[in-house]
Amino acid sequence: MPTSPVAELRAALGAVAAEVRGEALADAPRIERPPKPEFGDYSSNAALLAAPALGEPPRTVAERIGGLLTERLGEGVERVEVAGPGFLNLFMSDAWCRGALAAAMGQEEAFGAGAREAGESILVEFVSANPTGPLTVASGRHAAYGDSLCRILEFAGHRVEREFYVNDHGSQVRLFGESIQARARGDEPPEGGYKGEYVTELAGRIDGAAGADPDGLATRGVELMIEGVRGSLERFGVRFDRFFSERSLHQCGALDLVSTTLEERGEVYEHEGASWLRTTAHGDDKDRVLERSSGELTYFASDIAYHRDKLERGYDRAIDVLGADHHGYVGRMRAAWIALGGEPDRLEFLIMQLVNLLEHGRRMAMSKREGEFVTLDDLIDDIGVDAARYFLVQRSHDTTLDLDLTLARERSQDNPVYYVQYAHARIASILRKAGEPAVAEAVARDLSASTEILHPSARALLKRLLELPEEVTLAAERRAPHRLTVYGHDVAHDFSAFYRDCRVVGAAEEGGDEGFRIAMCVLAKRVLARSLGLLGVSAPEEM
RNA sequence: GCGCCCGUAGCUCAGUGGAUAGAGCGCUGCCCUCCGGAGGCAGAAGUCGGAGGUUCGAAUCCUCCCGGGCGCGCCA
């Protein structure tokens, strides 16, 4: 397993704290960046955690832990101070920093990656937009979020499959077919039908549409829409492993099977001519209809069949990324999952909040059926893939996102994504200037043997770069890709300070070790490229 | 009425138990003999929606209240 210098430090601290405590701490001690440079390179709450059980003042415990830690780390640590209520502040030596850089460099592209042995197999279902229109910006947020999450989970060591559920069955699809037919005949779409211009365009692309029946048109229309959706997603850098058709579930009898299974399990009852699933037995607030009194199956029934399929495929975990307007659906779906024999913890719902598009500070209406929407393609045309992806994952998924198009256009120069990309391009430029042989030599040599005295800016940058493994872990665990936009920005900022204070090419002129500084640049470049890559944003060599 | 999400600087938002709460944009003022100025530095700007509680310690956890968004169908 790739380990990191910070992880080793944490392990050492944990061992020492356990020794003082007499047994392992209930909570692993934290290693954090202290708020101020006077507090050292790292600080830990280990003594605060151990003190209550020992019945001793935290500062006394801290002194003992500090003493043992100093012994254990030897020349790695310059000094350990006890501060405040009992924090341990660690001041690392230059030797430790050099060793840490060497260790991180040695991991090459695997730096920051999680252990595959501990990984899970995870199915992530996201976007799953109705195939009755092009992808909107809201779907774009789902795509950007879901895909980044998958990239992060994969890098963190999990095996991930991306799946798009296609609602190609039911009344909406029929209505779609009727709308296409109407347009083909030069009529208005039926009441509640699809009025977007793309429907007319679609009608023109289907031969003999005016004379065709609505069901056939719906099938063909959905095919063409999915083709378009795939194209938009491809352009956006998002590729699915599978487009799962709802209709295929109906065709292979999966719905009958699931009904039978649930009946056999005693989860279903008849009431007023309909059949109901007793979801209240598994935490839902009311029971739900599976088969209407008309004999028609509900959408919910399809979804249960779909989730049964997921369950049987045997993933360790299934994640459903849903829109905010579907949150009411979580309770019943989880209940159905349990009714099918699934473990509740293995089905996870992530609710995406809405995207408000602002144009000139005004909120834009977005209704697919009325045809008033901005498509993902429009957005990409407008601000580009990189900016679009970055903007759409910049905020936590559970908060409403305001995206002001006017602002995104006008301020494209001040766009934070350019700031991070610029830092990457600038490093590439420095490395070009240094020359390939010098870079190759710096990467190959034993950096821990360098005599470089680290400038505070270099030290700050190095510590930031060493945070990557922890950031990846947290982003994966918390399903929080947006953390990496913050992290990438921090790296770019710290690199700027390093660049200002430490000459790389020609470092010898100011008494520095050029090779060591080149290695710092290489690691910074890798970390930036990794952070951007996990967000699906490009890391350009020049801009 | 019930459920889910949100409320942090003028604006958009980071920060899921630690020290004096941060960033971007906007605002004020500086810095190009220098490896890329798409940059850097400094400053102004906060009752972390409110009130209780838990804790050595709360923006963070619990309870209640207020404000905003989204749901609550034999629709999908």
Side-chain angles (χ1 to χ4, degrees), chain A residues 27 30 32 34-36 38-39 43-45 48-49 51-52 57-58 83-87 89 130 132 167 169-173 175 192 246 271-276 285-286 288-300 302-303 323-331 349 351-354 356 358 361 391 394-404 407 411-423 425-434 474 477-478 480 482-483 485-487 489-490 492-493 496-497 499-507 514 517-518 521 542-543:
Chain A
D27 295 319
R30 287 169 167 259
E32 295 183 323
K36 302 178 72 173
E38 303 93 277
F39 295 156
S43 71
S44 176
N45 61 348
L48 292 166
L49 292 176
F87 288 106
N89 291 336
N130 281 334
T132 50
N167 297 120
H169 184 271
S171 58
Q172 287 305 316
V173 175
L175 199 53
E246 179 185 1
H271 177 66
E272 293 181 353
S275 81
W276 297 69
D285 53 3
K286 59 180 94 161
R288 309 289 171 172
V289 171
L290 291 179
E291 188 178 327
R292 300 178 197 128
S293 47
S294 67
E296 242 183 324
L297 291 162
T298 58
Y299 168 88
F300 181 45
S302 302
D303 258 12
D325 54 345
H326 282 68
H327 76 254
Y329 157 101
V330 169
F349 296 93
I351 307 300
M352 300 291 295
Q353 293 301 315
L354 307 179
N356 289 323
L358 308 180
F391 262 105
Q394 209 183 357
R395 306 304 178 204
S396 167
H397 67 89
D398 55 16
T399 190
T400 309
L401 179 74
D402 278 348
L403 180 44
D404 191 328
L407 219 58
R411 294 204 309 216
S412 62
Q413 302 249 319
D414 297 319
N415 194 316
V417 69
Y418 293 131
Y419 180 79
V420 182
Q421 289 183 317
Y422 180 75
R426 181 191 251 170
I427 296 171
S429 167
I430 293 169
L431 295 177
R432 279 193 297 272
K433 180 142 279 182
L474 287 174
E477 282 177 358
R478 297 181 189 175
H482 73 279
R483 291 187 65 98
T485 65
V486 177
Y487 176 67
H489 193 276
D490 287 344
H493 181 262
S496 294
Y499 169 78
R500 180 193 64 221
D501 296 330
C502 306
R503 169 162 283 276
V504 176
V505 179
E514 181 177 297
R517 295 182 186 181
I518 287 174
C521 288
E542 49 188 58
M543 294 172 74

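Keep in mind it's a predicted model, so treat the numbers as computed, not measured. Proteins come first, then strands; the chains are lettered A, B, ... in the order of their sequence lines, and each starts at number 1. Values reported hereafter were calculated over all heavy atoms of this structure, with side chains retained and with hydrogens, waters and symmetry mates removed.
When the side-chain nitrogen and oxygen atoms of Lys286(A) are compared with OP1 and OP2 of rG73(B), one or more of them lie within a distance under 4.0 Å. An OP1 or OP2 oxygen of rC35(B) is reached within less than 4.0 angstrom by no side-chain nitrogen or oxygen of Arg500(A). For rG24(B), neither phosphate oxygen OP1 nor OP2 lies less than 4.0 angstrom from any side-chain nitrogen or oxygen of Tyr418(A).
For rC32(B), the base adopts the syn conformation, since its glycosidic angle falls within 90 degrees of zero.
Rounded to whole Å, the P atom of rC6(B) lies 13 Å from the corresponding atom of rU16(B). Atom name P, nucleotides rG49(B) and rA14(B): the rounded distance is 13 Å, in whole Å. Straight-line distance between the P atoms of rG24(B) and rG39(B): roughly 11 Å, to the nearest whole Å. When the P atom is used for both rG22(B) and rA44(B), the distance is 13 Å, rounded to whole Å. When the P atom is compared between rC41(B) and rC56(B), the two are found 41 Å apart, to the nearest whole Å. Across rA76(B) and rC62(B), the matching C1' atoms stand 38 Å from one another, rounded to whole Å. For the P atoms, the distance from rA23(B) to rG46(B) is 15 Å, rounded to whole Å. Rounded to whole Å, the P atom of rC64(B) lies 24 Å from the corresponding atom of rC70(B).
Comparing rG18(B), rC74(B), rU20(B) by their nearest atom to the side chain of Trp276(A) picks out rC74(B). Nearest nucleotide to the Leu48(A) side chain, out of rG18(B), rC35(B), rA19(B): rG18(B). The listed nucleotides are rC13(B), rC74(B), rG36(B); the one nearest the side chain of Ile430(A) is rG36(B). For Pro85(A), whose side chain is taken as the heavy atoms from C-beta onward, the closest listed nucleotide among rA19(B), rC13(B), rG18(B) is rG18(B). Out of rA38(B), rC56(B), rA76(B), the shortest distance to the side chain of His326(A) is found at rA76(B).
Of all heavy-atom pairs spanning Val505(A) and Lys433(A), the tightest one is CG2-CG, 4.1 Å. Closest heavy-atom contact between Ala324(A) and Ile351(A): CA-CG2, 3.6 Å. Across Phe300(A) and Leu290(A), no two heavy atoms sit closer than the pair CD2-CD2, 4.1 Å. Arg478(A) and Arg483(A) get closest at one heavy-atom pair: NH1-NH1, 3.3 Å. In terms of heavy atoms, His482(A) sits closest to Gln394(A) at CB-O, 3.4 Å. Looking at every heavy atom in both residues, Ala423(A) comes nearest to Ala492(A) through CB-CB, 3.7 Å.
In a base pair of the Watson-Crick type (N1 to N3 plus N6-O4 or O6-N4) or a G-U wobble (N1-O2 and O6-N3), with each distance short of 3.5 Å, rC27(B) is matched with rG43(B). Nucleotide rC4(B) forms a Watson-Crick or G-U wobble pair with rG69(B), both donor-acceptor distances falling under 3.5 Å. Shown here, rG22(B) forms a base pair with rC13(B); the pair counts as Watson-Crick or G-U wobble because both key distances fall under 3.5 Å. Applying the Watson-Crick and G-U wobble criteria (two distances, each under 3.5 Å), rA38(B) pairs with nothing in any strand. The partner of rC75(B) is absent, by the rule that a Watson-Crick or G-U pair needs both atom distances under 3.5 Å.
In this structure, Asn415(A) atom CG and rG26(B) atom P are separated by 12 Å, rounded to whole Å. Separating the OH atom of Tyr422(A) from the C1' atom of rG37(B) is a distance of 6 Å, rounded to the nearest angstrom. As a whole-Å value, the separation of Glu291(A) CD from rC75(B) P is 13 Å. One can place CZ of Arg292(A) at 9 Å from P of rC74(B), the figure rounded to the nearest angstrom. Taking atom CG of Asp325(A) as the reference point, atom C1' of rG73(B) lies 15 Å away to the nearest angstrom. Between the CZ atom of Phe39(A) and the P atom of rA21(B) there is a distance of 12 Å, rounded to whole Å. The OH atom of Tyr329(A) sits 19 Å away from the P atom of rC4(B) (whole-angstrom rounding). Rounding to whole angstrom units, CZ of residue Phe87(A) and C1' of rG57(B) are separated by 8 Å.
Between the base of rA19(B) and the side chain of Asn89(A) there is a donor-acceptor pair shorter than 3.5 Å.
Within the nucleic acid shown, Ala324(A) comes within 4.0 Å of sugar-phosphate atoms alone, with no base atom in reach, counting heavy atoms only. Contact annotation for Cys521(A): no contact, since no heavy-atom pair falls under 4.0 Å across all strands. Across all strands, Pro416(A) comes closer than 4.0 Å to no nucleic acid atom at all (heavy-atom distances). Contacts of Glu272(A) with the nucleic acid, taken as non-hydrogen atoms under 4.0 Å apart, include base atoms. Looking at heavy-atom distances under 4.0 Å, Gln394(A) makes no contact with the nucleic acid at all. Using a 4.0 Å heavy-atom criterion, one finds that Ser43(A) contacts the bases of the nucleic acid, with or without backbone contacts as well. Ala425(A) comes within 4.0 angstrom of a nucleotide base, judged by non-hydrogen atoms across all strands. Within 4.0 Å (heavy atoms only), Ala434(A) reaches no atom of the nucleic acid at all. Residue Leu290(A) is out of contact with every strand shown, counting any heavy-atom pair closer than 4.0 Å. At a threshold of 4.0 angstrom between heavy atoms, the contacts of Val486(A) are confined to the sugar-phosphate backbone, with no base atom among them. Note on Ser496(A): only backbone sugar-phosphate atoms sit closer than 4.0 angstrom, heavy atoms only; bases stay farther off.
The distance from the NE2 atom of His169(A) to the CG atom of Leu297(A) is 8.5 Å, given to the nearest 0.5 Å.
For Asn130(A) (side chain) and Thr132(A) (main-chain N/O), no donor-acceptor pair under 3.5 Å exists by modelled atom type. Using a distance-only test at 3.5 Å, with no hydrogens or angles considered, a donor-acceptor pair links the side chain of Arg517(A) to the main chain of Arg503(A).
The aromatic ring of Tyr499(A) sits over the base of rC35(B), with ring centres less than 5.5 Å apart and planes inclined by under 30°. Residue-nucleotide stacking is not present for Tyr419(A) and rA38(B), judged by a side-chain ring centre under 5.5 Å from the six-membered base ring centre and planes under 30° apart.
Side-chain contact of Asp398(A) with Ser396(A): a donor-acceptor pair under 3.5 Å is present, judged by distance alone.
Put simply, the side chain of Gln353(A) does not reach to within 4.5 Å of the side chain of Arg395(A), judged on heavy atoms. For the pair Tyr422(A) and Ser496(A), the minimum side-chain heavy-atom distance is 4.5 Å or more.
Aromatic ring orientation, Tyr329(A) versus Phe349(A): perpendicular (interplanar angle above 60°, classes split at 30° and 60°).
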Provide a list of protein-nucleic acid N or O atom pairs under 3.5 angstrom, restricted to nucleotides 15-17 of chain B.
| unit_1 | atom_1 | unit_2 | atom_2 | d |
| --- | --- | --- | --- | --- |
| rG15(B) | OP1 | His482(A) | NE2 | 2.8 |
| rU16(B) | OP1 | Arg478(A) | NH1 | 2.6 |
| rU16(B) | O4 | Arg478(A) | NE | 3.3 |
| rG17(B) | OP1 | Arg30(A) | NH2 | 2.9 |

Nucleotide N/O of nucleotides 6-9 of chain B paired with protein N/O under 3.5 Å:
| unit_1 | atom_1 | unit_2 | atom_2 | d |
| --- | --- | --- | --- | --- |
| rC6(B) | OP1 | Asp398(A) | OD2 | 3.4 |

